[in-house]
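Following: one structure in structure tokens, then a few remarks.
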Amino acid sequence: MASHVEYVVSNQKLAFGNLWTAVAHIITGVIGSGVLSLAWCMAQLGWVAGPLSMLLFALVTLVSTFLLCDCYMSPDPESGPDRHRSYLEAVQVKLGDKSGWVCALFVYISLYGVGIAYIITSAISMRAIQRSNCYHKEGHEAACEYGDTLYLLLFGAIQIETGL
């Protein structure tokens, strides 16, 4: 098996990949905000339902990964000749334009929801850090109450400015 793969597609850029770039993408995809809440979720589900749910979600992720890999090249998943540069392009080619529009709607709604969740979670985290700093300076008896509206607006503005 070759450690370096190169696809040449007409009128498109070359795509390069090797084992290390694949590992880097997997690590950055897996280690995210979900890992931070994993301990709490496991504690809520218990010793039986927690590991079973993790295995179930791992299985769903594995099946989804294989489906996406098979849709990357068409009509043959291994030799192409057409390469789909995005998930939405693969959906349009495989299922048609109408399904592509429906899929795009769901993808953008999901991205919008994730963006809102990140803004709220980051604001709550920034408020918790500020409260913790106040408790360390003033003691645990101090009134260290802070609103999170400022942090919501600040993080939202940063996301809009950076285009995330």
Side-chain angles (χ1 to χ4, degrees), residues 1-10 12-129 148 151-152 155-156 158-164:
M1 185 171 151
S3 64
H4 182 78
V5 179
E6 178 180 333
Y7 294 111
V8 179
V9 181
S10 62
Q12 293 183 355
K13 294 181 181 178
L14 299 178
F16 297 98
N18 58 29
L19 179 65
W20 291 111
T21 58
V23 169
H25 281 20
I26 290 170
I27 289 173
T28 57
V30 171
I31 299 176
S33 63
V35 173
L36 300 175
S37 63
L38 184 60
W40 180 85
C41 293
M42 292 294 287
Q44 300 302 311
L45 291 173
W47 285 100
V48 176
L52 286 177
S53 65
M54 285 184 64
L55 289 174
L56 176 70
F57 285 115
L59 180 66
V60 169
T61 302
L62 183 66
V63 169
S64 299
T65 302
F66 285 138
L67 288 173
L68 283 173
C69 289
D70 285 344
C71 291
Y72 179 66
M73 303 279 278
S74 71
D76 181 43
E78 301 220 2
S79 62
D82 295 328
R83 186 181 77 175
H84 308 297
R85 298 184 65 80
S86 70
Y87 175 72
L88 296 177
E89 182 182 334
V91 169
Q92 284 178 337
V93 168
K94 297 285 186 179
L95 301 176
D97 287 335
K98 185 176 179 182
S99 294
W101 281 99
V102 171
C103 179
L105 177 70
F106 284 125
V107 166
Y108 290 129
I109 288 172
S110 175
L111 289 174
Y112 183 73
V114 166
I116 290 173
Y118 270 109
I119 290 172
I120 292 171
T121 304
S122 64
I124 291 170
S125 297
M126 286 188 275
R127 183 184 63 189
I129 291 169
D148 52 358
Y151 297 114
L152 286 169
F155 192 74
I158 290 171
Q159 275 197 323
I160 290 172
E161 183 63 32
T162 58
L164 297 176

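Every value quoted in this text rests on a predicted model; they were computed, and no experiment measured them.
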> Can you find a heavy atom in the side chain of Y112 that is under 4.5 Å from one in the side chain of I116?
Replying inline: yes
>> As an exercise, state the distance from CE of M42 to OG of S53, rounded to the nearest 0.5 Å.
In response: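 Atom-to-atom, M42:CE and S53:OG are 6.0 Å apart.
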>> To the nearest 0.5 Å, what is the distance between CG on L59 and OG on S64?
In response: 9.0 Å
> Which heavy atom in G100 sits nearest to a heavy atom in L88, and how many Å separate them?
Replying inline: O-CD2, 4.5 Å
> Between G46 and P51, what is the shortest heavy-atom contact and its length?
Replying inline: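 Nearest pair, atom of G46 first, then P51: O-CD, 3.7 Å.
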>> Main chain of F57, side chain of T61: is a donor-acceptor contact present, judged purely on distance under 3.5 Å?
In response: yes
